[in-house]
Amino acid sequence: MSEVKTYPVSTNASQRAWIDESKYFEMYEKSIKNPDAFWGEQGKQLDWIKPYTKVKNASFEPDNVSIKWFEDGTLNASYNCLDRHLAERGDQTAIIWEGDDPGEDKKITYRELHEMVCRLAGGLKSLGAKKGDRITIYMPMIPEAAAAMLACARIGAIHSVVFGGFSPDSLANRIQDCDSNILITADEGLRGGRKVPLKKNADAAMANCPSIKHCVVVKRTGGDIGWQSGRDVWHHELCAQASPDTPAAEMSAEDPLFILYTSGSTGKPKGVLHTTGGYLLFSAMTHKYVFDYHDGDIYWCTADVGWVTGHSYIVYGPLANGAVTLMFEGVPNYPDASRFWQVCDKHKVNIFYTAPTAIRALMREGEEPVKSTDRSSLRLLGSVGEPINPEAWKWYHEVVGDERCPIVDTWWQTETGGILITPLPGATPLKPGSATRPFFGVQPQIVDADGKPLEGACEGNLCMTTSWPGQMRTVFGDHERFVQTYFSTYPGRYFTGDGCRRDEDGYYWITGRVDDVINVSGHRMGTAEVESSLVAHPKVSEAAVVGYPHDIKGQGIYAYVTLLVGEEPTEELRKELVQWVRKDIGPIASPDLIQWAPGLPKTRSGKIMRRILRKIAENDASNLGDTSTLADPSVVADLVENRMNQG
Ligand code: WTA
């Protein structure tokens with residue numbers, strides 16, 4: 001391994017920081033030795049209606065997986081994100097919204113956001129919504145999306161945000177899985193100058209979702225849309241009639257706050273369930289310390305609210321902290337490749353948090369689009385969603401941050417609710433490509449294939465030995481699947497699905513997924529989902545999907561497809577299959593490469609040997625390992641010979 005450069009903590013960063021290096025070690029030790037005392041104290045950052053007397057109550061034992069934090073306390077998440085700030089910062093900006101069109105932006109104060117949320121909460125109640133109902137949100141990146149989440153939280157309804165890039169079928173599956181009765185959407189979204197037909201997609205989904213009684217529609221573009229009277233209601237009309245002061249419901253700390261669907265190695269996406277108290281505390285606290293957020297800072301996370309990063313680090317964490325959070329409707333390269341940095345200059349952004357895939361895409365455009373902007377407001381940069389390769393890290397540091405801004409490479413998952421492994425800007429010397437050290441209360445363990453814990457410098461599979469407050473509590477409606485997926489591989493521990501290396505300084509280096517999940521442009525995709533979409537095509541007999549290294553996306557989607565006997569493998573059919581998956585799941589699932597496979601490598605018991613398919617896709621065919629157990633070893637030679645050129 002080549003020499004790794006370490007970047008010491010800058011004096012600027014440590015002087016202003018909440019936490020310096022010695023404080024990190026002191027707090028970390030306390031968090032591990034006495035979690036009840038540590039979290040009991042930290043929990044006071046939130047406003048409780050009834051204070052908790054119990055703190056941690058968690059078991060990872062497979063026959064009794066149960067996770068509870070602050071279980072006898074009561075609170076309301078929307079109250080914590082809004083009402084409690086009104087006296088001191090009612091007129092401070094809560095959300096800076098930057099439209100897709102650079103000419104469009106607005107600022108919303110805490111008082112205004114509070115009113116927006118109260119009105120929608122009241123409106124939802126008037127439609128019959130009540131505590132525990134599931135409300136699906138399918139929206140563009142507009143402030144109404146954040147307000148919709150908080151309005152659900154206010155009345156104790158459980159929101160399920162579905163990314164606006166998902167297809168009608170994907171939306172329908174998610175609505176059906178949690179049996180939602182209300183859908184909140186917009187007429188159309190706007191991204192990169194193009195319209196996204198959200199209501200049209202929603203209509204197609206609702207045709208198969210009898211559970212939906214009402215659809216609340218935000219007017220974003222004013223485009224023509226279908227309308228079903230009795231079911232559909234305009235957001236602005238609903239809110240106009242509702243009270244500007246709908247009270248926040250008293251919720252137990254362990255009452256569900258939201259469901260968020262995420263892909264796994266098998267089956268359909270699962271509904272990750274997060275609850276109120278622990279999640280809110282963990283997102284707020286990580287936001288404060290990891291981004292070293294202080295009053296007056298302008299903070300921008302470029303994620304979409306359809307993903308967990310948007311939940312924790314656009315909405316809940318920042319708003320619980322009374323921060324200024326920027327919400328961007330558009331894309332990094334529209335109208336041109338300077339857009340991110342123009343927005344930073346326009347709104348004087350201090351803290352900027354994005355994904356490696358965006359950095360790599362912008363890197364390809366060269367330095368000019370960055371250097372033509374000022375960026376002197378930037379103080380801290382963040383990265384999330386996939387491993388950041390050291391070249392991209394260095395470009396981010398040198399070109400974007402002018403070597404002035406520390407980079408926090410934050411490792412976490414939908415399941416973890418918030419950041420688990422990360423530098424703290426005032427406390428952690430950085431190594432490009434390493435997520436560095438565990439956050440407070442987080443106890444990583446690296447294990448070998450048999451689950452034996454490895455010590456010191458090592459490489460293996462990443463587990464957590466103990467619970468943290470932001471941890472998911474269950475899979476909605478399927479606790480057994482929760483136990484099976486996360487606690488059965490290595491009993492007594494939470495298994496992340498990621499591979500990881502620990503170096504001699506105790507730094508963690510995430511190496512990527514070790515299961516059948518791939519990470520495409522920072523988006524999680526189950527290979528099984530893409531496969532089942534492909535085999536649903538009338539000309540396809542079988543399909544196997546794996547990831548392969550992709551310069552911009554991190555991983556691309558490589559599909560091996562076997563056609564039904566008599567079907568011609570044409571270029572046209574290849575395109576048709578790409579479109580098929582795109583339409584079925586959404587653009588993020590489109591295969592990058594499709595290879596026609598006369599046969600797939602299978603064991604004699606019929607199991608597809610993905611290891612071999614991965615090696616071929618990675619262009620590492622000299623390293624196929626043992627193929628003697630294959631039912632028909634000759635299929636491998638054909639696949640190697642006809643491997644798709646990745647250009
Ligand atoms: C990957 C996104 C390396 C990892 C918050 C994880 C990362 C999956 C990093 C979760 C990082 C996320 N370095 N890998 N800093 N952050 N990952 O659920 O494989 O969309 O398991 O949550 O992304 O993706 P998810």
Side-chain angles (χ1 to χ4, degrees), residues 161-163 165-166 258-265 269-274 279 282-283 286-287 290-291 301-314 316-317 353-360 381-390 392-393 396 407-423 428 430-439 442 444 461-464 470-472 475 485-486 494-502 507-527 529 547 553-555 588-589:
V161 183
V162 177
F163 174 56
F166 276 125
F258 66 85
I259 299 167
L260 185 55
Y261 286 87
T262 194
S263 297
S265 10
K270 43 186 173 298
V272 167
L273 186 95
H274 282 289
Y279 169 82
F282 199 70
S283 57
T286 45
H287 172 261
V290 174
F291 300 107
C301 164
T302 70
D304 191 285
V305 289
W307 310 115
V308 75
T309 308
H311 282 60
S312 301
Y313 299 113
I314 295 178
Y316 286 110
Y353 188 32
T354 196
T357 184
I359 299 165
R360 288 191 300 263
L381 302 172
S383 171
V384 60
E386 48 173 322
I388 180 165
N389 44 313
W393 194 101
Y396 199 23
I407 296 178
V408 288
D409 174 2
T410 63
W411 176 87
W412 59 296
Q413 311 179 292
T414 305
E415 293 88 339
T416 69
I419 297 165
L420 294 199
I421 303 182
T422 179
T428 319
L430 306 172
K431 299 186 193 185
S434 171
T436 76
R437 293 172 179 148
F439 189 74
V442 173
N461 295 331
L462 181 64
C463 295
M464 298 293 156
Q471 185 171 23
M472 74 183 281
V475 170
T485 308
Y486 302 103
Y494 166 79
F495 176 42
T496 64
D498 277 349
C500 183
R501 185 166 71 79
R502 185 168 50 214
Y507 274 39
Y508 291 85
W509 301 72
I510 306 296
T511 53
R513 301 288 306 195
V514 295
D515 53 9
D516 290 322
V517 171
I518 51 184
N519 195 324
V520 185
S521 301
H523 301 319
R524 258 167 85 159
M525 187 47 55
T527 51
E529 286 170 71
K553 299 180 177 185
Q555 280 188 300
I588 57 169

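When a residue number appears, it is its place in the shown sequence, counting from 1. All ligand and atom numbering here is 1-based and tracks the order in the structure. In this text the structure is predicted, and so the values were computed from the model without any measurement.
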May I ask you to check if ligand 1 and D409 share an N or O to N or O distance below 3.5 Å?
yes

The atoms of ligand 1 lying under 4.0 Å from a heavy atom of V384, numbered in the order shown, are 5 (C)

Please list the nearest protein heavy atom to atom 3 (C) of ligand 1 with its residue and the distance rounded to 0.1 Å.
P387 N, 3.1 Å

Going by atom types only, do Q413 and T496 share a side-chain donor-acceptor pair under 3.5 Å?
no

Separation of C463 SG from F495 CZ (nearest 0.5 Å)
6.0 Å

Looking at atom 13 (N) of ligand 1, what's its closest protein heavy atom, distance included?
E386 O, 3.3 Å

Best match, G385, G418, G554: closest heavy atom to atom 1 (C) of ligand 1
G385

4.5 Å side-chain heavy-atom contact, C500 and I510
yes

W412 near ligand 1, heavy-atom distance under 4.0 Å?
yes

Quick one, I359 and W393 - any side-chain contact, counting heavy atoms below 4.5 Å?
no

For ligand 1 and T414, I'd like to know whether there is a polar contact (N/O to N/O, distance under 3.5 Å).
yes

Quick one: does ligand 1 sit under 4.0 Å from the side chain of T410, the backbone, both or neither, non-hydrogen atoms only?
backbone

For the residue pair E415 and Y486, confirm or rule out a side-chain donor-acceptor distance under 3.5 Å.
yes

Counting from 1 in the order shown, the ligand 1 atoms closer than 4.0 Å to a non-hydrogen atom of N519 are 1 (C), 23 (O)

Does the separation of the ring centres of Y313 and W412 fall below 6.0 angstrom?
yes

heavy-atom search around atom 4 (C) of ligand 1 in the protein gives D498 OD2, 2.9 Å

Min N/O separation T309 to ligand 1 under 3.5 Å:
no

Looking at side-chain heavy atoms only, is the closest gap between E386 and R360 below 4.5 Å?
yes

For the residue pair T354 / T302, report whether a side-chain donor-acceptor contact shorter than 3.5 Å exists.
yes

Which residue and atom name correspond to the protein heavy atom nearest atom 24 (O) of ligand 1, and how close is it?
R524 CD, 3.2 Å

